[in-house]
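In what follows, chains carry the letters A, B, and so on, assigned in the order in which the sequence lines appear, proteins first and then strands, with residues in each chain numbered from 1.
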Amino acid sequence: MQLCDLSAVEIRDKILSKKTSAVEVLESCLERINQVDGCPGSIDSRPETKEDAEKVHAFITLTEDSAREQAQSVDKMIADGDDPGPLAGIPATIKDVFCVKGTPSTIGSRILANFISPYTATPVERMRLAGAVLLGKVNLDEFTYGSSTESSAFQPSTRNPWDTSRVPGGSSGGSTASVAAGEAPLSLGTDTAGSIRQPAAFCGVVGLKPTYGRVSRYGLIAFGSSLDCPGPMARNAKDTALLLRTIAGPDKRDATGANLPVPDYLALLEKEIKGKRIGLSPDYFQITFPNLETSEYIQQPVPAEIMDATMKAAEIYRQLGAEIIEDVPMPNTRYGIPVYFVISRVEAASNLHRFDGVKYGHRTENEISDLRSLYRRSRGEGFGLQPKLRILMGMYVSAAQYSEQYYRRALQARTLIRRDFEQAFDPNGKYKLDALLTPTTPTTAFPMKDVYGDSVIMQYADQLTVPANHAGVPGISFPGGLDSNGLPIGVQLLGPDFSEGLLLQLTHAYEKATEDANWRLERPAVLREA
Amino acid sequence: MSKSNQEISRETFDHLVELAALELGQEESEYLHTQLNNQLSAVHVLETIDIADDVPPASHGVPYTAQNSPELRKDEWDACPNSDAILEQAPVVDDGYIIVPDIPHTTLE
C-alpha cells in the first residue's frame with residue numbers, strides 16, 4: 001500500500017504527527033497519476049491508442065506546481081508550529097465545473113476551453129483554506145450533461161478503474177475515478193440528477209449529495225440552478241464527513257444557501273443506530289423506461305445482484321438494531337426522469353444563454369459581419385451535442401404556447417415527488433422514517449459507447465437518484481459489494497432535509513459491519529495490474 | 001418511429017434553432033431533431049398523472065423558512081478588485097472596451 005492509498009484522515013494524521021510530509025504524500029499521488037492516468041483529456045482530438053484504452057484519464061488539468069507549493073506551505077506551517085487546517089496536506093481533485101482562480105475552468109466544453117477563471121468557487125476556497133492540496137481539475141460530461149463522462153469535449157474521456165472498457169458513470173466521472181484509482185483520497189463534485197452518487201456507485205466509492213443549499217453554489221458553472229448541489233466523494237464515510245464539514249455552511253455570495261449551523265459530522269459517526277427507522281420502497285426496486293417505438297413504458301425489477309446488495313444492507317442494519325420498515329410507498333418516483341426532462345432543460349437553456357463568444361470563452365475565428373452571426377457561429381462551434389439538445393428542449397417546453405402543458409405540469413409533479421419524501425419522513429406520519437434504503441443505479445457500469453448517443457436511455461441511468469434532487473433532500477451512495485463481473489454495486493440512503501449526519505453515520509456503521517467481507521479485498525483493475 | 005416522435009416538426013425545430021442562436025451542421029441537426037422528439041415522447045407520461053388543480057408548482061424542493069433563509073443583503077455595491085482579470089477573458093478588447101461586429105438594427109419610423 002502506498003501513501004496515496006491511505007484514507008484522507010490517515011494522511012492528515014500522519015502529516016500532523018510528522019510521520020510523513022505533505023510533499024511526500026503529494027509525490028505518492030503524482031506517481032500514481034503517472035502510473036495509471038495516461039494522457040489528460042484534450043480538445044485537440046487524435047486517434048485513441050491501445051494504451052489509452054487501458055488508462056483512467058481522470059484529469060483535464062494537472063496543477064502540479066501549485067499543488068507542490070500548497071504541500072510545502074502545509075509542511076512549513078507544521079514545522080513552525082502553526083495549525084495548517086482540518087484538511088492539512090490531503091490531496092484532492094476538483095470536478096472541472098468549479099471555477100478556480102488562475103486555472104482553466106472548462107466544464108468539459110470547447111466553449112470554455114480557453115477560460116481562465118478570475119475567481120475561486122466557495123467550496124474550493126474553503127478546501128484550500130483548510131489545507132487541502134489541490135491536484136487539479138478532472139473530467140466530466142460536457143456541462144455535466146450525461147451519466148457516463150463520454151460527452152466531454154476533452155477526449156479521451158475518463159474510464160472506469162475497475163474495468164477500463166467501461167464508463168465511470170457521470171457526470172462526476174473524473175472525480176470518482178480519481179478517488180477509486182488512488183490518485184487522490186478526496187474529490188469535489190456536483191449532483192444535479194445523481195452526478196455524484198451514480199459515478200460513485202459505478203467506481204466503488206462513497207458520494208454524498210447534500211441537501212440543496214447545504215453547500216454554496218458560488219463559483220459553480222450553473223446547469224439546473226434549483227437542482228445543483230456541490231458535494232464530496234471519498235473512499236469511506238469518515239473522509240466524506242471530513243470534506244463535507246469543510247465545504248458546508250452559509251455563504252454571503254449564495255442567496256439560496258441555507259443559513260444553518262454545520263454539525264461536526266465526524267463526531268456523529270460513532271453514534272448508535274439502534275432504533276433508527278430505515279424504509280424500503282417497492283417503487284425503488286423496479287426500473288421504468290420508455291420504448292420509443294411504441295411510446296409505452298416498460299417496467300422490470302432491478303437486477304437481482306443489485307437488489308441482493310440492497311437487501312443485505314437492510315439485514316445488516318436490522319442486526320445493528322435498526323427497524324426496517326417495508327412497503328413504503330414512493331409512487332411518484334417513476335416520474336422523476338420525465339419531470340427532469342422538463343425542469344432541468346428549462347434551467348439549462350436559461351443558464352446557457354450567457355455563452356455568446358463576446359465576454360469570455362470561445363469566439364469563432366471566421367470572418368463575421370454582424371453580432372447575431374457571431375452568436376450563432378460561436379455557440380454552434382463551441383457547444384457539443386448535449387448542451388445544444390438541452391437548450392433546444394428547454395426553449396421548447398417553456399415556450400408560451402407549451403409552458404402550461406409541460407413546464408407548469410412538471411413543477412406540479414415535482415411537488416408530488418417532494419410530498420412522497422415528506423410523508424415517508426414525517427415524524428408524526430405513518431412511516432416515521434429516518435432514512436430510505438434503495439439501490440443507487442439500475443445497472444452497474446456499462447461498456448463505453450453502449451448507451452452514448454441515446455439521450456433518453458442515458459438519462460434513465462439516473463432514475464433512482466433524481467427524485468432526491470427534485471425534493472432537495474440529501475442522499476449518499478456507498479459500495480455494497482461487487483457483481484458477477486467484478487464491478488462495484490452502489491447502495492443509496494436518502495434522508496430528510498439536512499440529515500447528512502445520519503446518512504454518514506449509517507454508512508459508517510455499514511462499513512464497519514462489512515470490513516471483513518471478501519469483496520472489500522478486491523481492488524480496481526488498474527491497481528491490480530500496477 | 002411512432003407518430004408522437006414527430007411532434008416537433010422540421011419547421012418548428014428550425015425556428016427553435018434560430019431562437020437559440022445556434023448554427024448547426026446537417027448531421028447534428030438531424031440527430032438533435034430526432035433526440036428532441038424522443039425526449040418529448042418521454043415527457044408525455046406526465047399527462048397521465050392525476051394532478052389536482054390546487055397542487056402548487058415547486059420551483060425548488062427544500063422550503064425556505066425564517067429559520068433557514070439567509071438574511072437579505074444590504075443593497076450595497078462592492079468594487080471588483082481586479083476588473084482587468086475579467087476583461088482579459090474577453091476574446092477581443094480595445095482600451096477597456098469589448099469589441100463586437102456590427103449590431104443589426106432597424107430604424108424606427
* **Side-chain (A/R409) to main-chain (B/L46) donor-acceptor, under 3.5 angstrom** => yes

* Structure fact -> Within residues 248-257 of chain A, the residues sitting under 4.5 Å from chain B by heavy atom, in sequence order, are A/K252, A/A255, A/T256, A/G257

* Asked: Taking all atoms of both residues into account, what is the closest heavy-atom pair of A/R414 and B/S59, and its distance?
  -> NH1-O, 3.2 Å

* To do: Determine which residues belonging to residues 345-358 of chain A lie within contact range of chain B, meaning some heavy atom pair is under 4.5 Å apart, and list them by number or answer 'none'.
  => A/R345, A/G357, A/V358

* Contact winner vs chain B - A/I391, A/I337, A/I343, A/D497, heavy-atom pairs under 4.5 Å -> A/D497

* **Under the side chain to side chain contact (heavy atoms under 4.5 Å, CB included) test, residues paired with B/T65 that sit two or more places apart** => B/Q67, B/N68

* Point-to-point distance, once rounded to the nearest 0.5 Å, from CG of A/L392 to NE2 of B/H15 -> 12.0 Å

* Does any pair with a residue in residues 378-393 of chain A pass side chain to side chain donor-acceptor pair (under 3.5 Å), and if so which ones, sequence neighbours excluded? -> A/H362-A/E381, A/T364-A/E381, A/N366-A/E381, A/Q386-A/R390, A/Q386-B/Y31, A/K388-B/E28

* Contact origin within A/S369 toward chain B - heavy atom pairs under 4.5 Å -> backbone

* Which portion of A/N114 sits near chain B, non-hydrogen atoms under 4.5 angstrom -> backbone

* Under a 4.5 Å heavy-atom cut-off, does chain A meet the side chain of B/E47, its backbone, both or neither? -> both

* Asked: Judged by atom type as modelled, is there a donor-acceptor pair below 3.5 Å linking the side chain of A/Q412 to the main-chain atoms of B/V55?
  -> yes

* Asked: Can you check whether B/A42's main-chain N or O pairs, donor with acceptor, with A/Y297's side chain at less than 3.5 Å?
  -> yes

